[in-house]
There are 2 protein chains.
Amino acid sequence: MKSQLSAKRQQIVDFILQFMGERGYPPTVRDIQSGCGISSTSVVDYHLKVLEKEGHIRRDPEVSRGIELPGRASALTEKVQVPIIGQIAAGEPIPVPGSDTWDVAAGADFLEVTAEITRGRQDIYALRVKGMSMVDALINDGDMVLMQYASTVDNGEMAAIWLKAEKEVTLKKVYLESDRVRLQPANSQMQPIYANPRNIEIQGRVIAVIRQLGKPA
Amino acid sequence: MKSQLSAKRQQIVDFILQFMGERGYPPTVRDIQSGCGISSTSVVDYHLKVLEKEGHIRRDPEVSRGIELPGRASALTEKVQVPIIGQIAAGEPIPVPGSDTWDVAAGADFLEVTAEITRGRQDIYALRVKGMSMVDALINDGDMVLMQYASTVDNGEMAAIWLKAEKEVTLKKVYLESDRVRLQPANSQMQPIYANPRNIEIQGRVIAVIRQLGKPA
DNA sequence: TCCGATAGAGAACAATTGTTCTATAACAAT
DNA sequence: ATTGTTATAGAACAATTGTTCTCTATCGGA
């Protein structure tokens, strides 16, 4: 069903993709014509018909700009701009999201993720992990931690916890036991620690961890 | 500049959003007319002009379906559908991406990520991590590993390595030393292992690791 | 060589679609 | 009452844009 594209048709698909990206809507036959240096609209139509037959595009007949790229544009699942509001390290409290944190005009750094990762949750922010103190949570130096503001969490959820006496942040799964709190590392081979409920302060729920390897582009 | 929308105009914006999601391209004035139960195209045009003045939409004059929703429209391109082609576990070779892997019609599972994460790289695929054997790479059971097909990697890059004699996959940073290969765990507190170059087979480059916490929606 | 499939060119046609013009009505402020 | 703004209607116009028809050219196989 899906064959290798000829140079011209590959060029057309690329052009449609680029056009959609720049303009937000698909090109007309004549847009493709001039964009790909084709002499006639009928030639464009000819290639589009072949592309549709091979399943590379989908067309709505008689509809202007009625071109879809299956898979790439079909689902408009949204992108979320997650503000990177600071870093997280063992020895310092994590930054608290302020009222202006989600202000797009704030000019902060943003991490773009799909709603599939945040699962539609609101008020997500990101922290960059500094140092190796989170290895027992299987989190490395440089990782991004996606957090959701929360002062309480359900049993078993991973949370950022401020240990008041130790003046330390840690990322652990929280289990409330009768009169103490069990803080369980993500790495289940490691031992949990137990804390007095009054000594801990939940600073947020961990939604996701994203680690990018290799040198930044 | 950005004011509260009247009921009718909110309905129009919602309709455009829904239409874009279903069809992959923006609606015409007449699509909006029938979709929102408006009696005249001029009324639609009137509302669209107001919406544009208020900055809620952007229009290209004289262009059919020339409507953009700022912020969401650009989301279309920079998303990548990464096919989840299998799982990775210590004792089994990782699946090899086939020629049909990137076939949209293949109906496989996809992980949607932004181009910011893949950094524009092509031929990315994803593997779900099975088991705890990758903890020394700070990778947990259930994590998603984004891979790029590669049979060689640069020094220091993280790769999926098949150890022929041991019949095991492992994720390690690869350093070629004079006559041996040093395989360094991501967790730098752990010791490297050394291998004969003829005993290893590089199966792919690790691009990113994504871990989602909490129960799936 | 002949033939069929593929690719391209040019022009005209017809449908789609954005725009504009004229009216009407409700409502608030002057 | 008058004026101005907002919202709605209907119709016609003009630009955009998809489709089709005819011709030509190349290339590989029967």
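The sequence lines fix the lettering, A, B, ..., with proteins before strands; numbering per chain opens at 1.
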Quiz item: Does A:Arg65 place a side-chain N or O at less than 4.0 Å from the phosphate oxygens OP1/OP2 of C:dG18?
Solution: no
Quiz item: Are A:Arg30 and D:dA15 close enough that a side-chain N or O sits under 4.0 Å from OP1 or OP2?
Solution: no
Quiz item: Does the distance from a Lys or Arg side-chain N to an Asp or Glu carboxylate O, for B:Arg65 and B:Asp31, drop under 4.0 Å?
Solution: yes
Quiz prompt | Charged N-O contact under 4.0 Å between A:Glu52 and A:Arg59 | solution = no
Quiz prompt | Separation of atom CD in A:Glu52 from atom C1' in D:dG18, rounded to whole Å | solution = 13 Å
Quiz item: What does A:Ser40 touch in the nucleic acid at a heavy-atom separation under 4.0 angstrom: a base, only the sugar-phosphate, or nothing?
Solution: base
Quiz item: Is a donor-acceptor contact shorter than 3.5 angstrom present between the side chain of A:Ser42 and the base of C:dG10?
Solution: yes
Exercise. Rounded off to whole Å, could you give me the NZ-to-P distance for the B:Lys53 and D:dT5 pair?
Key: 12 Å
Exercise. Ignoring the backbone of A:Tyr46, work out which of C:dT17, D:dT20, C:dT6 is nearest its side chain.
Key: C:dT6
Quiz item: Hey, is the side chain of B:His47 poking within less than 4.0 Å of OP1 or OP2 on D:dT8, counting only N and O atoms?
Solution: yes
Quiz item: A:Asp31 or A:Asp45: which one's nearest nucleotide on DNA chain D is closer to the 5' end?
Solution: A:Asp31
Quiz item: Mapping B:Glu62 and A:Pro61 onto DNA chain D by nearest heavy atom, which one lands closer to the 5' end?
Solution: B:Glu62
Quiz item: Taking side chain as C-beta onward, heavy atoms only, is B:Ile12 less than 4.5 Å from B:Ile38?
Solution: yes
Quiz item: Does the A:Arg9 side chain pair with the main chain of A:Val50, one donor and one acceptor, at a distance under 3.5 Å?
Solution: no
Quiz item: To the nearest angstrom, how far is B:Arg59 atom CZ from C:dT17 atom C1'?
Solution: 11 Å
Self-check item: B:Gln11 CD - D:dA7 C1' separation (whole Å)
Solution: 14 Å
Practice problem: Consider the side chain of B:Val43, meaning its heavy atoms from C-beta on, and name the nucleotide among D:dT8, C:dG18, C:dG8 that approaches it most closely. | Solution: D:dT8
Quiz item: Taking atom C1' of D:dT19 as reference, at what distance in whole Å does atom CG of A:Leu48 sit?
Solution: 12 Å
Exercise. Side-chain contact test, heavy atoms from C-beta onward, threshold under 4.5 Å: evaluate it for B:Met132 versus B:Asn140 and give yes or no.
Key: yes
Quiz item: Think B:Lys49 has a side-chain N or O under 4.0 angstrom from the OP1 or OP2 of C:dT20?
Solution: yes
Quiz item: Among the nucleotides C:dG18, D:dT20, D:dG18, which one has an atom lying closest to any side-chain atom of A:Ser64?
Solution: D:dG18
Quiz item: Does any N or O in the side chain of A:Glu68 come within less than 3.5 Å of the main-chain N or O of B:Tyr25, such that one atom is a donor and the other an acceptor?
Solution: no
Practice problem: May I have the distance from A:Ile57 (atom CD1) to D:dG18 (atom P), rounded to whole angstrom? | Solution: 12 Å
Quiz prompt | Check: D:dT19 base within 3.5 Å donor-acceptor of A:Thr41 side chain | solution = yes
Practice problem: Give A:Val63 one of three labels, base, sugar-phosphate or nothing, depending on what nucleic acid heavy atoms sit under 4.0 Å from its own. | Solution: sugar-phosphate
Exercise. Report the distance from atom CG of B:Asp60 to atom P of D:dT17, rounded to the nearest whole Å.
Key: 10 Å
Quiz item: Between atom CD1 in B:Ile38 and atom C1' in D:dG10, what is the gap in whole Å?
Solution: 15 Å
